[in-house]
Trainee: 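I'd like to ask you about the structure that follows.
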Amino acid sequence: MNDVFVEFFSDEALENVMCLLQYHPKKVVYLGHKSTMITRKIKSLTNFAKLKSPDTELEFIEVPRDDLTKCIETLNCVADSYPDAYYELTGGGEMILIAFGYVSATRNLKTIRIDPYTGLEVNILPGEEPTQHQDSIKISVKENIILHGGKLTQQTGNYSTWNFTDSFYQDIRTIWDIAKNLRHKWNKHCAVIEDVIKANPCDDSGLFILPKSTLRDAATIFYKLQSKNLLKDFSSDAKRIRFRFKNDSIKHIVTKTGNILELHVYEVASRRRDIFSDEIIGAMIDWNGDKSQQEKIDFANDYQRYMNASYDTINEIDVILMQSCVPIFISCKSGKATSNSLHELQTVTSRFGGKYARKALVMALPCDESSSGTSFFKQRAKEMHIWVIDNVYSMTDDELLKKLILLHN
(Lines give C-alpha, C1' and ligand atoms only; values in the text may rest on other atoms or scores of the structure.)
Protein backbone atom coordinates (compact mmCIF):
# COMPACT_ATOMS: atom_id res chain seq x y z
CA MET A 1 0.00 0.00 0.00
CA ASN A 2 1.14 3.55 -0.73
CA ASP A 3 2.79 5.86 1.81
CA VAL A 4 0.20 8.66 1.50
CA PHE A 5 -3.52 8.61 2.21
CA VAL A 6 -6.04 11.40 1.79
CA GLU A 7 -8.92 11.47 4.27
CA PHE A 8 -12.07 13.57 4.07
CA PHE A 9 -12.30 14.82 7.65
CA SER A 10 -15.37 13.47 9.43
CA ASP A 11 -17.32 14.44 12.53
CA GLU A 12 -17.02 10.78 13.48
CA ALA A 13 -13.53 10.43 14.97
CA LEU A 14 -13.27 6.74 14.17
CA GLU A 15 -13.76 7.39 10.45
CA ASN A 16 -10.60 9.52 10.42
CA VAL A 17 -8.20 6.84 11.62
CA MET A 18 -8.98 3.55 9.88
CA CYS A 19 -6.23 3.88 7.26
CA LEU A 20 -3.82 5.12 9.89
CA LEU A 21 -4.53 2.05 12.03
CA GLN A 22 -4.37 -0.44 9.19
CA TYR A 23 -1.37 0.86 7.25
CA HIS A 24 0.63 3.24 9.50
CA PRO A 25 1.46 5.34 6.44
CA LYS A 26 4.16 7.95 6.07
CA LYS A 27 1.56 10.70 5.73
CA VAL A 28 -2.18 11.33 5.99
CA VAL A 29 -3.66 14.47 4.42
CA TYR A 30 -7.00 15.55 5.87
CA LEU A 31 -9.36 17.70 3.81
CA GLY A 32 -12.20 19.22 5.79
CA HIS A 33 -14.50 22.16 6.38
CA LYS A 34 -13.56 24.75 8.98
CA SER A 35 -16.76 24.07 10.92
CA THR A 36 -15.91 20.38 11.19
CA MET A 37 -12.12 20.36 11.41
CA ILE A 38 -12.03 22.26 14.69
CA THR A 39 -8.98 22.63 16.91
CA ARG A 40 -10.22 20.26 19.62
CA LYS A 41 -10.80 17.42 17.16
CA ILE A 42 -7.46 18.00 15.42
CA LYS A 43 -5.72 17.87 18.80
CA SER A 44 -7.49 14.63 19.77
CA LEU A 45 -6.64 13.03 16.43
CA THR A 46 -3.01 14.14 16.69
CA ASN A 47 -2.69 12.71 20.22
CA PHE A 48 -4.18 9.43 19.03
CA ALA A 49 -1.83 9.26 16.02
CA LYS A 50 1.20 9.83 18.26
CA LEU A 51 0.07 6.87 20.32
CA LYS A 52 -0.81 4.43 17.51
CA SER A 53 1.35 5.51 14.56
CA PRO A 54 3.99 7.96 15.83
CA ASP A 55 5.93 8.09 12.55
CA THR A 56 2.91 9.19 10.52
CA GLU A 57 2.82 12.86 9.53
CA LEU A 58 -0.59 14.55 9.60
CA GLU A 59 -1.49 17.50 7.38
CA PHE A 60 -4.78 19.40 7.64
CA ILE A 61 -6.15 21.41 4.71
CA GLU A 62 -9.36 23.45 4.92
CA VAL A 63 -11.77 23.39 2.01
CA PRO A 64 -14.88 25.61 1.64
CA ARG A 65 -18.28 24.12 2.37
CA ASP A 66 -20.08 25.67 -0.62
CA ASP A 67 -17.44 26.46 -3.27
CA LEU A 68 -17.22 23.56 -5.72
CA THR A 69 -14.56 25.23 -7.85
CA LYS A 70 -12.27 25.74 -4.87
CA CYS A 71 -12.81 22.16 -3.72
CA ILE A 72 -11.84 20.90 -7.19
CA GLU A 73 -8.76 23.11 -7.21
CA THR A 74 -7.69 21.82 -3.79
CA LEU A 75 -8.13 18.20 -4.81
CA ASN A 76 -6.18 18.73 -8.02
CA CYS A 77 -3.39 20.35 -6.04
CA VAL A 78 -3.27 17.39 -3.64
CA ALA A 79 -3.32 14.95 -6.56
CA ASP A 80 -0.42 16.80 -8.17
CA SER A 81 1.59 16.71 -4.94
CA TYR A 82 0.83 13.05 -4.18
CA PRO A 83 0.11 11.26 -7.49
CA ASP A 84 0.11 7.78 -5.90
CA ALA A 85 -2.06 8.63 -2.90
CA TYR A 86 -5.09 6.60 -1.86
CA TYR A 87 -8.33 8.47 -1.10
CA GLU A 88 -10.38 7.13 1.80
CA LEU A 89 -14.06 7.68 1.08
CA THR A 90 -15.60 7.51 4.54
CA GLY A 91 -16.70 10.88 5.90
CA GLY A 92 -16.47 14.34 4.38
CA GLY A 93 -19.04 16.95 3.38
CA GLU A 94 -21.20 16.71 0.30
CA MET A 95 -19.36 19.37 -1.68
CA ILE A 96 -15.91 17.82 -1.27
CA LEU A 97 -17.29 14.41 -2.23
CA ILE A 98 -18.91 15.90 -5.35
CA ALA A 99 -15.60 17.52 -6.18
CA PHE A 100 -13.81 14.21 -5.65
CA GLY A 101 -16.20 12.46 -8.04
CA TYR A 102 -15.45 15.07 -10.70
CA VAL A 103 -11.68 14.95 -10.22
CA SER A 104 -11.43 11.16 -9.96
CA ALA A 105 -13.32 10.75 -13.26
CA THR A 106 -10.46 12.45 -15.11
CA ARG A 107 -7.46 11.52 -12.99
CA ASN A 108 -8.22 7.89 -12.12
CA LEU A 109 -7.51 8.30 -8.44
CA LYS A 110 -7.05 5.29 -6.18
CA THR A 111 -9.85 4.88 -3.68
CA ILE A 112 -10.24 2.88 -0.52
CA ARG A 113 -12.86 2.51 2.18
CA ILE A 114 -12.58 0.74 5.52
CA ASP A 115 -15.84 0.31 7.41
CA PRO A 116 -15.15 1.11 11.08
CA TYR A 117 -18.02 -1.09 12.21
CA THR A 118 -17.31 -4.27 10.25
CA GLY A 119 -13.66 -3.85 9.29
CA LEU A 120 -14.53 -4.51 5.64
CA GLU A 121 -12.01 -2.86 3.30
CA VAL A 122 -12.87 -2.08 -0.33
CA ASN A 123 -10.17 -1.07 -2.82
CA ILE A 124 -10.83 0.43 -6.26
CA LEU A 125 -7.77 0.90 -8.46
CA PRO A 126 -7.84 2.46 -11.93
CA GLY A 127 -8.45 -0.17 -14.60
CA GLU A 128 -8.99 -3.00 -12.11
CA GLU A 129 -11.97 -4.79 -10.63
CA PRO A 130 -12.85 -3.68 -7.09
CA THR A 131 -11.52 -5.95 -4.35
CA GLN A 132 -12.52 -6.35 -0.73
CA HIS A 133 -11.21 -8.09 2.34
CA GLN A 134 -11.63 -8.08 6.11
CA ASP A 135 -9.21 -6.05 8.22
CA SER A 136 -8.37 -6.91 11.82
CA ILE A 137 -8.02 -3.53 13.49
CA LYS A 138 -8.30 -3.13 17.26
CA ILE A 139 -8.05 -0.25 19.68
CA SER A 140 -8.27 -0.29 23.45
CA VAL A 141 -10.82 1.50 25.62
CA LYS A 142 -8.11 3.94 26.68
CA GLU A 143 -7.18 4.68 23.06
CA ASN A 144 -10.82 5.16 22.06
CA ILE A 145 -11.31 7.73 24.83
CA ILE A 146 -8.16 9.60 23.74
CA LEU A 147 -9.35 9.59 20.12
CA HIS A 148 -12.53 11.34 21.25
CA GLY A 149 -10.66 13.96 23.27
CA GLY A 150 -10.91 12.49 26.75
CA LYS A 151 -8.78 10.56 29.18
CA LEU A 152 -9.26 7.71 31.63
CA THR A 153 -8.27 9.00 35.06
CA GLN A 154 -6.29 7.05 37.64
CA GLN A 155 -9.55 6.56 39.56
CA THR A 156 -10.70 4.10 36.90
CA GLY A 157 -11.48 0.74 38.51
CA ASN A 158 -8.93 -1.31 36.60
CA TYR A 159 -6.21 1.05 37.83
CA SER A 160 -7.30 1.84 41.37
CA THR A 161 -9.78 -0.64 42.85
CA TRP A 162 -9.61 -4.12 41.36
CA ASN A 163 -6.79 -6.60 40.84
CA PHE A 164 -8.01 -9.10 38.27
CA THR A 165 -6.17 -12.29 39.09
CA ASP A 166 -7.50 -15.78 38.36
CA SER A 167 -8.36 -16.08 42.02
CA PHE A 168 -10.36 -12.85 41.99
CA TYR A 169 -12.30 -13.90 38.89
CA GLN A 170 -13.35 -17.01 40.82
CA ASP A 171 -14.31 -14.88 43.82
CA ILE A 172 -16.52 -12.75 41.57
CA ARG A 173 -18.33 -15.84 40.35
CA THR A 174 -18.77 -17.08 43.91
CA ILE A 175 -20.14 -13.81 45.27
CA TRP A 176 -22.43 -13.40 42.25
CA ASP A 177 -24.03 -16.73 43.14
CA ILE A 178 -24.63 -15.43 46.66
CA ALA A 179 -26.18 -12.21 45.30
CA LYS A 180 -28.39 -14.17 42.88
CA ASN A 181 -29.84 -16.18 45.75
CA LEU A 182 -30.48 -13.08 47.87
CA ARG A 183 -31.78 -10.98 44.93
CA HIS A 184 -33.25 -7.68 46.22
CA LYS A 185 -31.99 -8.44 49.73
CA TRP A 186 -28.39 -8.15 48.48
CA ASN A 187 -28.69 -4.38 48.07
CA LYS A 188 -30.35 -3.93 51.45
CA HIS A 189 -27.74 -6.01 53.23
CA CYS A 190 -24.80 -4.29 51.51
CA ALA A 191 -26.17 -0.86 52.42
CA VAL A 192 -26.39 -1.90 56.07
CA ILE A 193 -22.89 -3.43 56.01
CA GLU A 194 -21.45 -0.23 54.55
CA ASP A 195 -22.89 1.83 57.41
CA VAL A 196 -21.88 -0.64 60.11
CA ILE A 197 -18.30 -0.90 58.85
CA LYS A 198 -17.99 2.89 58.72
CA ALA A 199 -19.12 3.05 62.32
CA ASN A 200 -16.86 0.13 63.35
CA PRO A 201 -13.58 0.37 61.41
CA CYS A 202 -11.05 -2.42 61.52
CA ASP A 203 -7.93 -2.34 63.69
CA ASP A 204 -4.40 -2.09 62.35
CA SER A 205 -4.34 -5.80 61.55
CA GLY A 206 -7.53 -5.59 59.44
CA LEU A 207 -9.72 -7.26 62.07
CA PHE A 208 -13.37 -6.21 62.09
CA ILE A 209 -15.59 -6.63 65.14
CA LEU A 210 -19.18 -5.88 64.17
CA PRO A 211 -22.24 -5.85 66.43
CA LYS A 212 -25.05 -8.15 65.38
CA SER A 213 -27.58 -5.71 66.79
CA THR A 214 -26.84 -3.21 64.01
CA LEU A 215 -26.11 -5.77 61.30
CA ARG A 216 -29.41 -7.57 61.89
CA ASP A 217 -30.25 -9.76 58.85
CA ALA A 218 -27.28 -8.38 56.89
CA ALA A 219 -25.05 -10.67 58.96
CA THR A 220 -26.28 -13.41 56.61
CA ILE A 221 -23.78 -12.22 53.99
CA PHE A 222 -20.83 -12.78 56.31
CA TYR A 223 -21.90 -16.34 57.09
CA LYS A 224 -22.24 -17.03 53.38
CA LEU A 225 -18.82 -15.48 52.65
CA GLN A 226 -17.28 -17.56 55.42
CA SER A 227 -18.74 -20.75 53.96
CA LYS A 228 -16.97 -19.95 50.68
CA ASN A 229 -13.61 -19.17 52.35
CA LEU A 230 -13.81 -15.46 51.50
CA LEU A 231 -13.20 -14.41 55.10
CA LYS A 232 -10.28 -15.15 57.44
CA ASP A 233 -10.15 -15.63 61.21
CA PHE A 234 -13.94 -15.73 61.39
CA SER A 235 -15.72 -16.19 64.72
CA SER A 236 -19.06 -15.18 66.18
CA ASP A 237 -20.92 -15.15 69.46
CA ALA A 238 -24.33 -13.95 70.55
CA LYS A 239 -23.43 -10.27 70.16
CA ARG A 240 -20.61 -9.89 67.60
CA ILE A 241 -18.90 -11.33 64.59
CA ARG A 242 -15.15 -11.08 64.08
CA PHE A 243 -13.28 -11.54 60.82
CA ARG A 244 -10.79 -10.27 58.30
CA PHE A 245 -11.65 -9.98 54.64
CA LYS A 246 -9.71 -12.31 52.35
CA ASN A 247 -8.59 -9.14 50.54
CA ASP A 248 -9.68 -5.54 50.02
CA SER A 249 -11.57 -6.43 46.84
CA ILE A 250 -14.03 -8.56 48.82
CA LYS A 251 -14.57 -5.62 51.13
CA HIS A 252 -15.21 -3.29 48.18
CA ILE A 253 -17.84 -5.68 46.82
CA VAL A 254 -19.92 -6.04 49.98
CA THR A 255 -19.77 -2.36 50.96
CA LYS A 256 -21.16 -0.95 47.71
CA THR A 257 -24.42 -2.34 46.43
CA GLY A 258 -23.78 -2.13 42.69
CA ASN A 259 -20.25 -3.48 42.53
CA ILE A 260 -21.09 -7.16 42.13
CA LEU A 261 -23.34 -6.61 39.11
CA GLU A 262 -20.66 -4.52 37.36
CA LEU A 263 -18.04 -7.13 38.15
CA HIS A 264 -20.30 -9.91 36.93
CA VAL A 265 -20.86 -8.20 33.57
CA TYR A 266 -17.13 -7.51 33.28
CA GLU A 267 -16.16 -11.07 34.24
CA VAL A 268 -18.63 -12.70 31.84
CA ALA A 269 -17.47 -10.51 28.95
CA SER A 270 -13.82 -11.26 29.73
CA ARG A 271 -14.43 -14.95 28.99
CA ARG A 272 -14.62 -14.16 25.26
CA ARG A 273 -11.57 -12.07 24.50
CA ASP A 274 -11.81 -13.30 20.92
CA ILE A 275 -14.94 -11.10 20.72
CA PHE A 276 -14.33 -8.38 23.31
CA SER A 277 -10.81 -7.15 22.68
CA ASP A 278 -10.67 -4.93 25.77
CA GLU A 279 -12.70 -4.29 28.92
CA ILE A 280 -12.67 -1.52 31.51
CA ILE A 281 -14.73 -1.38 34.69
CA GLY A 282 -15.58 1.82 36.57
CA ALA A 283 -14.27 4.01 33.75
CA MET A 284 -13.72 7.54 35.08
CA ILE A 285 -13.59 9.75 31.99
CA ASP A 286 -12.13 13.24 32.02
CA TRP A 287 -13.88 14.99 29.14
CA ASN A 288 -11.04 17.39 28.41
CA GLY A 289 -8.23 14.89 28.75
CA ASP A 290 -6.66 17.00 31.50
CA LYS A 291 -8.27 16.53 34.89
CA SER A 292 -7.88 19.66 37.00
CA GLN A 293 -10.71 19.00 39.47
CA GLN A 294 -13.10 16.20 40.41
CA GLU A 295 -16.48 17.39 39.24
CA LYS A 296 -19.35 15.47 37.75
CA ILE A 297 -22.32 17.16 36.08
CA ASP A 298 -25.81 15.74 36.02
CA PHE A 299 -26.46 16.19 32.31
CA ALA A 300 -30.08 15.15 32.42
CA ASN A 301 -30.99 17.84 34.95
CA ASP A 302 -28.51 20.55 34.01
CA TYR A 303 -27.77 20.27 30.29
CA GLN A 304 -27.32 24.01 29.81
CA ARG A 305 -24.71 24.04 32.54
CA TYR A 306 -22.81 21.38 30.59
CA MET A 307 -23.05 23.45 27.42
CA ASN A 308 -21.57 26.47 29.22
CA ALA A 309 -18.99 24.57 31.28
CA SER A 310 -15.48 25.99 31.28
CA TYR A 311 -14.07 23.46 33.75
CA ASP A 312 -13.25 19.77 33.51
CA THR A 313 -16.12 17.32 33.48
CA ILE A 314 -15.82 13.81 34.93
CA ASN A 315 -18.23 10.98 34.17
CA GLU A 316 -18.20 7.35 35.24
CA ILE A 317 -19.34 4.49 33.04
CA ASP A 318 -19.70 1.17 34.82
CA VAL A 319 -18.32 -1.05 32.05
CA ILE A 320 -16.87 -0.31 28.61
CA LEU A 321 -16.17 -3.14 26.18
CA MET A 322 -14.40 -2.97 22.83
CA GLN A 323 -15.25 -5.10 19.82
CA SER A 324 -12.34 -4.35 17.50
CA CYS A 325 -12.76 -0.56 17.07
CA VAL A 326 -16.33 -0.24 18.31
CA PRO A 327 -16.99 0.66 21.97
CA ILE A 328 -19.92 -0.65 23.99
CA PHE A 329 -20.92 1.55 26.94
CA ILE A 330 -22.77 -0.27 29.71
CA SER A 331 -24.55 1.18 32.73
CA CYS A 332 -25.35 -1.34 35.48
CA LYS A 333 -28.23 -0.92 37.93
CA SER A 334 -28.70 -3.34 40.81
CA GLY A 335 -31.86 -1.46 41.80
CA LYS A 336 -34.26 0.73 39.87
CA ALA A 337 -33.14 2.83 36.92
CA THR A 338 -34.47 6.29 36.07
CA SER A 339 -34.70 8.41 32.94
CA ASN A 340 -31.62 10.25 34.19
CA SER A 341 -29.68 7.01 33.80
CA LEU A 342 -30.68 6.84 30.14
CA HIS A 343 -29.80 10.47 29.43
CA GLU A 344 -26.38 10.29 31.05
CA LEU A 345 -25.55 7.07 29.20
CA GLN A 346 -26.73 8.65 25.94
CA THR A 347 -24.64 11.79 26.49
CA VAL A 348 -21.39 10.02 27.34
CA THR A 349 -21.78 7.44 24.57
CA SER A 350 -22.41 10.14 21.98
CA ARG A 351 -19.33 12.07 23.09
CA PHE A 352 -16.91 9.15 23.33
CA GLY A 353 -18.26 6.69 20.81
CA GLY A 354 -20.23 8.54 18.17
CA LYS A 355 -22.63 6.77 15.85
CA TYR A 356 -20.71 3.51 15.84
CA ALA A 357 -20.86 2.95 19.60
CA ARG A 358 -23.40 0.71 21.28
CA LYS A 359 -24.98 1.31 24.66
CA ALA A 360 -26.83 -0.86 27.12
CA LEU A 361 -28.49 -0.66 30.52
CA VAL A 362 -28.01 -3.88 32.50
CA MET A 363 -30.37 -4.45 35.42
CA ALA A 364 -30.15 -7.17 38.06
CA LEU A 365 -33.91 -7.22 38.66
CA PRO A 366 -36.72 -7.36 36.09
CA CYS A 367 -38.49 -4.37 34.62
CA ASP A 368 -42.10 -4.93 35.63
CA GLU A 369 -44.09 -4.83 32.39
CA SER A 370 -47.29 -4.29 34.37
CA SER A 371 -46.13 -0.82 35.32
CA SER A 372 -47.04 2.00 32.95
CA GLY A 373 -43.97 3.86 34.15
CA THR A 374 -41.78 0.91 33.24
CA SER A 375 -43.39 0.63 29.81
CA PHE A 376 -42.56 4.29 29.18
CA PHE A 377 -39.00 3.70 30.43
CA LYS A 378 -38.40 0.82 28.03
CA GLN A 379 -39.96 2.74 25.15
CA ARG A 380 -37.76 5.74 25.90
CA ALA A 381 -34.69 3.49 26.00
CA LYS A 382 -35.67 2.00 22.63
CA GLU A 383 -36.05 5.46 21.10
CA MET A 384 -32.54 6.30 22.34
CA HIS A 385 -31.19 3.02 20.91
CA ILE A 386 -30.26 1.80 24.37
CA TRP A 387 -30.52 -1.93 24.92
CA VAL A 388 -32.15 -2.90 28.21
CA ILE A 389 -30.92 -6.23 29.59
CA ASP A 390 -32.96 -6.83 32.72
CA ASN A 391 -33.54 -9.64 35.22
CA VAL A 392 -29.88 -10.69 35.08
CA TYR A 393 -30.30 -12.43 38.45
CA SER A 394 -32.41 -15.01 36.59
CA MET A 395 -29.98 -15.47 33.69
CA THR A 396 -27.26 -18.03 33.28
CA ASP A 397 -23.82 -16.71 32.46
CA ASP A 398 -24.16 -17.99 28.91
CA GLU A 399 -27.47 -16.18 28.46
CA LEU A 400 -25.93 -12.90 29.57
CA LEU A 401 -22.89 -13.44 27.36
CA LYS A 402 -25.09 -14.01 24.31
CA LYS A 403 -26.94 -10.76 24.98
CA LEU A 404 -23.66 -8.86 25.35
CA ILE A 405 -22.38 -10.28 22.08
CA LEU A 406 -25.61 -9.28 20.33
CA LEU A 407 -25.03 -5.65 21.30
CA HIS A 408 -22.61 -5.36 18.37
CA ASN A 409 -25.07 -6.72 15.82
Side-chain angles (χ1 to χ4, degrees), residues 157 160-165 167-268 281-282 316 318-319 331-338 341 361-368 390-397 400:
S160 64
T161 306
W162 311 112
N163 180 22
F164 289 101
T165 62
S167 174
F168 184 47
Y169 279 121
Q170 182 57 54
D171 292 343
I172 293 171
R173 291 188 283 269
T174 300
I175 298 175
W176 174 251
D177 287 339
I178 295 173
K180 283 183 69 172
N181 290 329
L182 291 173
R183 297 181 70 84
H184 66 278
K185 292 181 181 180
W186 172 266
N187 279 9
K188 294 180 180 179
H189 291 344
C190 287
V192 170
I193 289 171
E194 180 181 10
D195 290 339
V196 173
I197 282 182
K198 285 180 179 178
N200 300 270
C202 64
D203 64 18
D204 292 340
S205 70
L207 178 67
F208 285 93
I209 303 176
L210 305 182
K212 288 184 175 180
S213 59
T214 51
L215 281 173
R216 301 186 300 280
D217 291 344
T220 299
I221 286 184
F222 291 110
Y223 288 102
K224 291 182 179 293
L225 293 176
Q226 167 62 13
S227 70
K228 300 299 183 180
N229 299 315
L230 296 175
L231 300 178
K232 298 184 296 184
D233 306 321
F234 181 87
S235 65
S236 67
D237 55 35
K239 293 185 177 181
R240 300 175 182 85
I241 61 172
R242 299 172 178 83
F243 65 91
R244 292 179 175 85
F245 286 106
K246 175 183 173 182
N247 52 53
D248 283 342
S249 293
I250 307 301
K251 176 186 174 184
H252 290 317
I253 293 175
V254 300
T255 55
K256 184 178 177 183
T257 57
N259 276 345
I260 189 56
L261 177 60
E262 297 172 21
L263 287 164
H264 176 59
V265 171
Y266 179 95
E267 188 274 321
V268 168
I281 187 171
E316 181 178 8
D318 296 327
V319 179
S331 177
C332 299
K333 298 296 179 185
S334 58
K336 292 184 178 180
T338 66
S341 305
L361 181 67
V362 176
M363 303 176 65
L365 296 167
C367 266
D368 185 0
D390 65 335
N391 202 16
V392 177
Y393 276 149
S394 299
M395 290 183 189
T396 66
D397 294 357
L400 175 60

Trainee: Ring centres of F164 and Y266 under 6.0 Å apart?
Mentor: yes

Trainee: Is there a donor in the side chain of D203 and an acceptor in the side chain of S205, or the other way round, less than 3.5 Å apart?
Mentor: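 Indeed, the side chains of D203 and S205 share at least one donor-acceptor pair under 3.5 Å.
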
Trainee: Do the charged groups of K333 and D318 touch, with an N to O distance under 4.0 Å?
Mentor: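 Salt bridge: no.
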
Trainee: Could you walk me through whether L210 and F243 pass side-chain contact (heavy atoms from CB on, under 4.5 Å), step by step?
Mentor: CA-CA 9 Å; L210 305 182; F243 65 91; 3.6 Å; yes

Trainee: Would a 4.5 Å heavy-atom cut-off, applied to side chains only, mark W186 and N181 as touching?
Mentor: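 They are not in side-chain contact.
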
Trainee: For a quick test of reading the model, state the closest non-hydrogen atom pair linking I193 to V254 and the distance between them.
Mentor: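 What the structure gives for the nearest pair is CG2-O, 3.8 Å.
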
Trainee: Do R183 and S394 make a side-chain contact, defined as non-hydrogen atoms from C-beta onward lying under 4.5 Å apart?
Mentor: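 In contact.
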
Trainee: What pair of heavy atoms forms the shortest contact from A364 to L261, and how long is it?
Mentor: N-CD2, 3.8 Å

Trainee: Any heavy-atom pair between the side chains of I175 and L225 that's under 4.5 Å?
Mentor: yes

Trainee: For residues 211-235, which residue pairs qualify under salt bridge (Lys or Arg N to Asp or Glu O under 4.0 Å), counting only residues two or more places apart or in two chains?
Mentor: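 Output for this query lists D233-R244.
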
Trainee: Nearest 0.5 Å, what's the CD-OH distance between E267 and Y169?
Mentor: 7.5 Å

Trainee: Measure the spacing between CG of N229 and CZ of F234 and express it to the nearest 0.5 Å.
Mentor: 12.0 Å

Trainee: For T174, is there any backbone N or O sitting under 3.5 Å from a side-chain donor or acceptor partner on D171?
Mentor: no

Trainee: Check whether any side-chain heavy atom of L207 lies under 4.5 Å from a side-chain heavy atom of C202, and answer yes or no.
Mentor: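 L207 vs C202: side chains apart.
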
Trainee: Quick one: closest heavy-atom pair of F208 and N200, and the distance?
Mentor: CD2-O, 3.7 Å

Trainee: How many angstroms lie between CZ in F222 and CG in L215, if you round to the nearest 0.5 Å?
Mentor: 6.0 Å

Trainee: Can you tell me how the ring of W162 sits relative to the ring of H252, calling it parallel under 30°, perpendicular over 60° and tilted otherwise?
Mentor: perpendicular

Trainee: Of the non-hydrogen atoms in K180 and M395, which two are nearest, and what is the gap between them?
Mentor: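 Of all heavy-atom pairs spanning K180 and M395, the closest is NZ-O, 3.1 Å.
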
Trainee: For V392 and H264, run side-chain contact (heavy atoms from CB on, under 4.5 Å): C-alpha distance rounded to whole Å, both residues' side-chain angles, the deciding distance at 0.1 Å, then the answer.
Mentor: CA-CA 10 Å; V392 177; H264 176 59; 4.0 Å; yes

Trainee: Do the side chain of K185 and the main chain of A218 share a donor and acceptor less than 3.5 angstrom apart?
Mentor: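 Side chain of K185 to backbone of A218: no pair is present.
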
Trainee: Look at the side chain of N259 and the backbone N and O of T255, then say whether any donor-acceptor pair between them is shorter than 3.5 Å.
Mentor: no

Trainee: State, yes or no, whether a side-chain contact exists between F245 and I253 at a heavy-atom distance under 4.5 Å.
Mentor: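 Not touching, per the 4.5 Å side-chain cut-off.
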
Trainee: Report the C-alpha separation of I241 and Y223 in whole Å, then their side-chain angles, then the decisive distance to 0.1 Å, and conclude whether the side-chain contact (heavy atoms from CB on, under 4.5 Å) test is met.
Mentor: CA-CA 10 Å; I241 61 172; Y223 288 102; 3.9 Å; yes

Trainee: Could you report the tightest heavy-atom contact between G335 and M363, atom names first, then the distance?
Mentor: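 That would be O-CE, 4.0 Å.
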
Trainee: Applying side-chain contact (heavy atoms from CB on, under 4.5 Å) to H189 and T257, what does each step give before you reach the verdict?
Mentor: CA-CA 8 Å; H189 291 344; T257 57; over 6 Å; no

Trainee: For C367 versus D390, what's the shortest heavy-atom pair and its separation?
Mentor: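 Here C367 and D390 meet closest at N-OD2, 2.7 Å.
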
Trainee: Could you tell me the separation between the CD1 atom of I260 and the OG atom of S334, rounded to the nearest 0.5 Å?
Mentor: 10.5 Å

Trainee: If you measure from the Lys or Arg side-chain nitrogens to the Asp or Glu carboxylate oxygens, is any gap between K256 and E194 under 4.0 Å?
Mentor: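 Judged by the 4.0 Å cut-off on N to carboxylate O distance, K256 and E194 do not form a salt bridge.
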
Trainee: I'd like to check the salt bridge (Lys or Arg N to Asp or Glu O under 4.0 Å) partners of R240; sequence neighbours left out, ordered by chain and number.
Mentor: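 Once residues adjacent in sequence are excluded, R240 has no partner under the salt bridge (Lys or Arg N to Asp or Glu O under 4.0 Å) criterion.
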
Trainee: Can you find a pair of side-chain heavy atoms, one from L365 and one from N391, that are under 4.5 Å apart?
Mentor: no

